[in-house]
Amino acid sequence: MPPTVPHRPVFLHGRSLPTLSRRTMLRGAGAAVAGTTILASTVACSDGAQDDEAAQPDPLAAHAARARRDAAAATAAIAQNPAAVDTLTVIADQRTAHADALDTEIARLTPPPTVSETAAAATGTAEPVPAPALTDLSTALSDAGRSAADDARALSGYRAGLLGSISAACTLASAAVAG
């Protein structure tokens with residue numbers, strides 16, 4: 001009598017299904033568990049990084065607010081310093097342009113605010129700025145230039161270039177007011 005061979009079902013064109021040993025099944029299950037763990041940890045890490053970035057305020061927002069304050073201070077200083085009206089007008093115009101450029105860049109990368117955020121922002125009023133002495137304005141512009149240069153080193157691309165340009169303009173404006 002011929003030896004008996006375990007019955008294997010015949011599949012397409014005379015091929016039979018491969019048999020899987022217990023060891024092969026355990027290897028496959030282990031690989032699936034390891035792959036799922038790696039995938040889950042990668043997704044968890046990337047979501048946390050995006051949440052951290054979203055929670056951090058935009059570094060350009062402080063520079064935009066400072067530019068608006070400097071523009072208001074330069075405009076207020078015109079009344080006390082009629083001899084420097086041309087210089088102070090140019091500085092006020094430049095700092096307003098800086099603030100507008102920074103606001104545009106912030107808006108480009110920030111999702112639009114919700115209705116409640118818009119209502120809260122609309123209720124704030126601008127405080128009048130007292131007219132600073134020219135030395136105080138020069139110091140403020142110099143500090144703004146240094147701060148923009150420091151932040152430009154930490155950023156990259158267009159944002160770094162924008163802050164570098166603002167830093168140079170503030171440094172020159174500070175020298176113009178002081179001199």
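Just so it is clear, the values below take in all heavy atoms, side chains as well, and ignore hydrogens, waters and symmetry mates.
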CG on Leu102 to CD1 on Ile166, rounded to 0.5 Å =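 Going from the CD1 atom of Ile166 to the CG atom of Leu102 covers 4.0 Å.
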
Roughly how far, to the nearest 0.5 Å, is the CG atom of Asp143 from the OG atom of Ser138?
->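 Separation between the atoms: 9.5 Å.
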
Arg159 and Leu109, any side-chain heavy atoms less than 4.5 Å apart |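 Touching, per the 4.5 Å side-chain cut-off.
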
Would you list the atom pairs, donor with acceptor, under 3.5 Å between side chains in residues 85-96 and any protein atom, with sequence neighbours excluded?
| from | atom 1 | to | atom 2 | distance (Å) |
| --- | --- | --- | --- | --- |
| Thr89 | OG1 | Val85 | O | 2.6 |
| Arg95 | NE | Asp70 | OD2 | 3.2 |
| Arg95 | NH1 | His98 | ND1 | 3.0 |
| Arg95 | NH2 | Asp70 | OD2 | 2.9 |
| Thr96 | OG1 | Ala92 | O | 2.8 |

Measure from the side-chain N and O atoms of [X] to the backbone N and O of [Y], and report whether any donor-acceptor pair falls under 3.5 Å.
| X | Y | answer |
| --- | --- | --- |
| Thr104 | Asp100 | yes |
| Thr139 | Thr135 | yes |
| Ser167 | Leu163 | no |

In terms of heavy-atom contacts, Ala64 and Asp103 come closest through CB-OD1, 3.4 Å

Considering non-hydrogen atoms only, spot the tightest contact between Leu141 and Ser174 and give its length.
->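 Closest heavy-atom pair between Leu141 and Ser174: CB-CB, 3.9 Å.
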
Below 3.5 Å, can you tabulate the donor-acceptor pairs from side chains in residues 72-80 to any protein atom, sequence neighbours excluded?
| from | atom 1 | to | atom 2 | distance (Å) |
| --- | --- | --- | --- | --- |
| Thr75 | OG1 | Ala71 | O | 2.9 |

